[in-house]
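Notes for the one structure printed next.
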Protein chains: 2
Amino acid sequence: MYVTSPVSYFEPVSIDDVMHQHELEPAVYHTSTAEAGQPLFCEGDDADFVYEVLEGVVRTSKLLCDGRRQVLAFGYPGDIIGLSHDQIYHSDCDAVSDTKVRVYHKNASGTSFADEPQLCDQFLRHATAEVHDMQEHFLMLGRKSAVEKVASFLVVLLDRVGENNDCKSCFSLPMSRSDIADFLGLTIETVSRTFTKLRKDKIIELPNPHRVCVCKSAKLRALAERSS
Amino acid sequence: MYVTSPVSYFEPVSIDDVMHQHELEPAVYHTSTAEAGQPLFCEGDDADFVYEVLEGVVRTSKLLCDGRRQVLAFGYPGDIIGLSHDQIYHSDCDAVSDTKVRVYHKNASGTSFADEPQLCDQFLRHATAEVHDMQEHFLMLGRKSAVEKVASFLVVLLDRVGENNDCKSCFSLPMSRSDIADFLGLTIETVSRTFTKLRKDKIIELPNPHRVCVCKSAKLRALAERSS
DNA sequence: TTTTCTTGTTGATCTGCATCAAGTAGAATC
DNA sequence: GATTCTACTTGATGCAGATCAACAAGAAAA
């Protein structure tokens with residue numbers, strides 16, 4: 001699921017599973033790859049495909065005309081990207097790291113999924129789960145301080161992709177500081193300073209700018225989860 | 001639909017219509033009323049019902065444990081409230097004004113809508129439309145200034161419920177300044193000051209604190225729609 | 001190798017909005 | 001009527017994070 005909320009309730013189910021349950025033609029999807037930095041789709045494009053991330057990380061974002069950007073979500077394996085209510089993408093989507101995706105081809109008949117009830121139900125679950133995650137992110141953007149934002153972001157990644165290493169839990173951070181800043185509604189300087197502060201407080205270690213080891217996860221959660 | 005975005009692409013379709021198309025029992029829903037201030041549901045409640053607003057305005061919100069609040073959306077007639085991915089409401093919902101709602105009873109059989117494909121498809125459209133609106137709101141919360149936020153908010157209401165009056169377009173503002181502040185990620189003082197600034201700049205008039213007349217809608221849109 | 005470019009870090013200063021505080025006006029209650 | 005309450009407005013001040021600026025370090029190009 002999209003990495004938007006401190007806590008994730010959604011259990012991803014591969015579209016593949018659903019499709020096989022319903023004996024769809026394999027021809028309605030295929031797998032594809034994208035190198036780091038390459039776009040998957042752009043805002044305004046016809047939303048002909050729905051993507052499931054299989055490997056790597058993608059980023060969805062929107063731009064203001066003066067260049068300000070809001071990163072909407074980072075898509076990790078299992079996440080569904082590109083559902084649209086009106087057959088047009090309303091965000092840009094780019095690969096943050098080298099990425100493998102499953103590309104689901106919409107039926108040519110039109111916009112309705114009513115003739116594929118299991119798939120429709122599955123997409124509905126994805127969509128409502130995404131709404132839930134976005135609501136958590138609203139709290140983050142609207143009401144949290146810089147430290148709370150960064151800590152919340154790290155906790156989500158910790159729970160999603162953290163790997164235990166001694167008593168630490170480590171994960172890579174494939175996105176740039178700029179991506180993180182635009183996701184959290186901060187500047188790159190503030191993100192960098194906040195990472196430094198967490199490092200100096202011995203809550204995290206930063207072997208390099210794109211790798212995080214969480215030393216004191218309880219403290220990190222305390223900083224993040226002032227939410228009820 | 002939820003009032004979250006400057007531009008709204010979604011054409012609301014009554015659940016009622018869908019249900020009649022499929023000859024569902026009238027017993028699966030009923031209408032109900034809520035007086036201003038009354039709750040429809042609370043965070044953590046079992047999500048037994050889905051609501052369609054028929055009259056009035058409702059508000060969905062989330063609280064942090066220290067009292068900070070984020071208003072997620074204002075629900076106007078035609079909007080669907082209360083879809084959940086895990087049968088539990090994840091926000092509070094209260095009537096802002098006296099409200100009439102249609103209450104849709106979920107089937108006892110469980111969480112899946114797969115046995116009602118038309119209804120499922122309809123809910124999926126609602127959910128993806130809501131995701132789209134929320135993405136616009138992300139830009140607002142994360143990247144816009146106070147003036148841009150308030151102007152964007154007013155433009156949405158202008159387009160949704162504005163009524164032409166001379167060369168002005170007027171609408172009521174049933175929610176409190178506190179509701180608006182918690183929706184936009186501001187304080188009540190900043191909201192109030194911004195309204196005053198727009199009034200002094202002759203862009204809007206405020207016959208009373210809960211009624212807005214937009215005199216210069218182009219200027220208002222220019223302040224709001226610096227988005228691409 | 002050196003040069004240039006990109007990305008991230010750190011410091012100094014500024015500013016938009018929050019916070020603190022006081023005042024106003026309409027509505028509800030007595 | 002007077003009193004209280006609540007919601008809103010307005011002013012003074014403070015601060016978190018933005019902005020401006022310099023620097024560092026690795027990567028890519030020359």
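Note on naming: letters A, B, ... go to the chains in the order of the sequence lines (proteins, then strands), and numbering restarts at 1 for each one.
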Requested in this report: For the pair B:D66 and A:R143, find out whether any cationic side-chain nitrogen is under 4.0 Å from an anionic carboxylate oxygen.
Outcome: no

Expressed as a whole number of angstroms, how long is the span from [X]:[atom1] to [N]:[atom2]?
X      : N      : atom1 : atom2 : value
A:K149 : D:dG17 : NZ    : P     : 8 Å
B:R143 : D:dG17 : CZ    : P     : 13 Å
A:L206 : C:dT9  : CG    : C1'   : 11 Å
B:E148 : C:dG16 : CD    : P     : 12 Å
A:K197 : C:dT10 : NZ    : C1'   : 16 Å
B:R193 : C:dT19 : CZ    : C1'   : 10 Å
A:K144 : D:dG17 : NZ    : P     : 13 Å
B:I188 : C:dC20 : CD1   : P     : 13 Å

Among [options], which is the nearest nucleotide to the side chain of [X]?
X      : options                : answer
B:S192 : D:dC8, D:dG17, C:dT10  : D:dC8
B:A146 : D:dA12, C:dG11, C:dC17 : C:dC17
B:L186 : D:dT19, C:dG8, C:dC17  : C:dC17
B:E189 : D:dT10, D:dG17, C:dT10 : D:dT10

If you compare every side-chain N and O of [X] against the phosphate oxygens of [N] (OP1, OP2), does one of them come in below 4.0 Å?
X      : N      : value
A:T190 : D:dG17 : no
B:H210 : D:dC8  : yes
A:R177 : C:dT9  : yes
B:T187 : C:dC17 : no
B:R199 : D:dT10 : yes

Query - A:L157 side chain near A:V212 side chain, heavy-atom distance below 4.5 Å - result: no

Requested in this report: Please work out if A:S176 contacts a base, only the sugar-phosphate, or nothing of the nucleic acid, heavy-atom cut-off 4.0 Å.
Outcome: sugar-phosphate

Query raised in the report: With B:D182, which of B:K62, B:R59, B:R68, B:R69 fulfils salt bridge (Lys or Arg N to Asp or Glu O under 4.0 Å)?
Result: B:R69

Query raised in the report: Is the A:F41 to A:F49 ring centre distance short of 6.0 Å?
Result: no

Query raised in the report: Taking the nucleotide of DNA chain C with the closest heavy atom to each, which residue, A:K200 or A:P209, is nearer the 5' end?
Result: A:P209

**Report entry** From CG (A:L124) to CZ (B:R125), nearest 0.5 Å
**Finding:** 12.5 Å

